[in-house]
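Quick notes on the structure that follows.
In what follows, every chain begins at residue 1, and chains take the letters A, B, ... in the order their sequences are listed.
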Amino acid sequence: MPELPEVETVRRQLDERLRGKRVSSITLLKSGREFPVGEKFVDGVQGRVIEAVERRAKLLVWKLNDGNAITAHLKMTGRFVFVYPSYVPTKHDRMIFDIEGVSLVWSDVRQFGFMKIVSSDELETILAGYGPEPLETSVAELADRLIAPKTRMIKAALLNQEVIAGIGNIYADEALHRAGIRPTRRLGRVSSEERLRLAKEIKSVLGESVAQQGTSANDYVDTRGKKGGFLSFLRVYGREGEGCVNCRTPIKKIVLGQRGTHYCPTCQA
DNA sequence: ATATGCACCTGTGTGC
DNA sequence: TGCACACAGGTGCATA
């Protein structure tokens, strides 16, 4: 469940240790399902210098010194972990990078994640498809993204990366609870005050989670193999049946668009 | 244009 | 103990 705060945590750690370094070699492990990598990826990355590791939405972007970039998406269970050079690969490891003596493993239990090389033109197209970055955009501008289509449920809008980038299932539920808006509410029935409140809460919850290095509800760990610290600050996600922090009403869980959705039936109208 | 539902995967937890 | 199955959820795609 890496969402913006988790991906940002990984980005910072990767950038800190990889920026300016040359990729010495890549070991392809090819365990499990074939993924769009292979020899071409190795040829396109080996010998290049990583100029920076950036993030847009939930996508990691490694800028290379030949003008190309690597895009990496963790999806649900992808992870980058720094290891010792003597590391022995385990079942779900896909690749090991040797970057000037630093060893980095890319592994992915469910194999939904990817790493691929893109040209600068391709990268531009990919990034243009995302909505605004919530931590770098004003409350007013974010609120304006949540207007149409009128019949769309507000949680569906929050999960759509073209509307606002980086929000996933956990932070959608959390922001809606903080703003007092039920996830099933249609955009057309949300007042401008509520939109502003929600936009503000999106920024707050994401910012607070980044400060705690993300949430580890299930699989997520950072590049040191450490869990994020935000789990205990969640107010509704994963708290079905527990009393709401505001009113003690038991938190309800429903399925909305095939996702578990948590809310307080009293606080969220 | 928008909504719906499935597919992609494996590990874990639950009920029988 | 074994077994079947629901569930976890980001995203792309086929279908309605």
Q. Nearest nucleotide by nearest heavy atom, which residue falls closer to the 5' end of DNA chain B, V109(A) or R152(A)?
A. R152(A)
Q. Is the ring of F112(A) stacked on the base of dC8(B), with centres less than 5.5 Å apart and planes under 30° off?
A.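 By the stated criterion, F112(A) and dC8(B) stack.
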Contact class for [X] vs. all strands (heavy atom < 4.0 Å): base, sugar-phosphate, or nothing?
{"X": "T77(A)", "answer": "nothing"}
{"X": "Q161(A)", "answer": "sugar-phosphate"}
{"X": "K150(A)", "answer": "nothing"}

Q. Name the one of K58(A), R55(A), Q213(A) that satisfies side chain to side chain donor-acceptor pair (under 3.5 Å) with E8(A)?
A.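 Output: one option passes, namely R55(A).
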**Q.** Candidates dT2(B), dG11(B), dC8(B) - which lies nearest the side chain of K91(A)
**A.**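 Output: dG11(B).
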Q) Considering only dG10(C), dG5(B), dT10(B), which nucleotide approaches the side chain of Q111(A) most closely? A)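 Nearest nucleotide to the side chain: dT10(B).
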When the distance from [atom1] of [X] to [atom2] of [N] is rounded to whole Å, what number comes out?
{"X": "L159(A)", "N": "dT2(B)", "atom1": "CG", "atom2": "P", "answer": "17 Å"}
{"X": "M76(A)", "N": "dT12(B)", "atom1": "CE", "atom2": "C1'", "answer": "15 Å"}
{"X": "E240(A)", "N": "dT14(B)", "atom1": "CD", "atom2": "P", "answer": "13 Å"}
{"X": "R110(A)", "N": "dA7(B)", "atom1": "CZ", "atom2": "C1'", "answer": "12 Å"}
{"X": "R239(A)", "N": "dA8(C)", "atom1": "CZ", "atom2": "C1'", "answer": "17 Å"}
{"X": "M153(A)", "N": "dG5(B)", "atom1": "CE", "atom2": "P", "answer": "10 Å"}
{"X": "N160(A)", "N": "dT4(B)", "atom1": "CG", "atom2": "C1'", "answer": "14 Å"}
{"X": "D219(A)", "N": "dA8(C)", "atom1": "CG", "atom2": "C1'", "answer": "8 Å"}

Q.
Is it true that, when you exclude E162(A) itself, more than 12 heavy atoms of the residues, nucleotides or ligands shown sit nearer than 6.0 Å to its CD?
A. no
**Q.** Distance test, side-chain N/O of K75(A) to OP1/OP2 of dA7(B), below 4.0 Å
**A.**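 Result: no.
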Q: Please check the phosphate of dT11(C) (OP1 and OP2 only) for any side-chain N or O of H73(A) closer than 4.0 Å.
A: yes
Q: Would you please indicate yes or no on a ring centroid separation below 6.0 angstrom for F41(A) and W106(A)?
A: no
Q: Check for a donor-acceptor pair, side chain of R11(A) on one end and backbone N or O of D15(A) on the other, with a separation under 3.5 Å.
A: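 Side chain of R11(A) to backbone of D15(A): no pair is present.
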Q) Taking for each residue the nucleotide of DNA chain C bearing the nearest heavy atom, is the 5' side occupied by K253(A) or by R259(A)? A)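 Closest to the 5' end, via its nearest nucleotide, is K253(A).
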Q) Out of T215(A), L231(A), T77(A), T9(A), which residue meets the side-chain contact (heavy atoms from CB on, under 4.5 Å) rule with Y220(A)? A) T9(A)
**Q.** Residue matched to dT1(C) through Watson-Crick or wobble contacts both under 3.5 angstrom
**A.**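 Across any shown strand, dT1(C) pairs with none.
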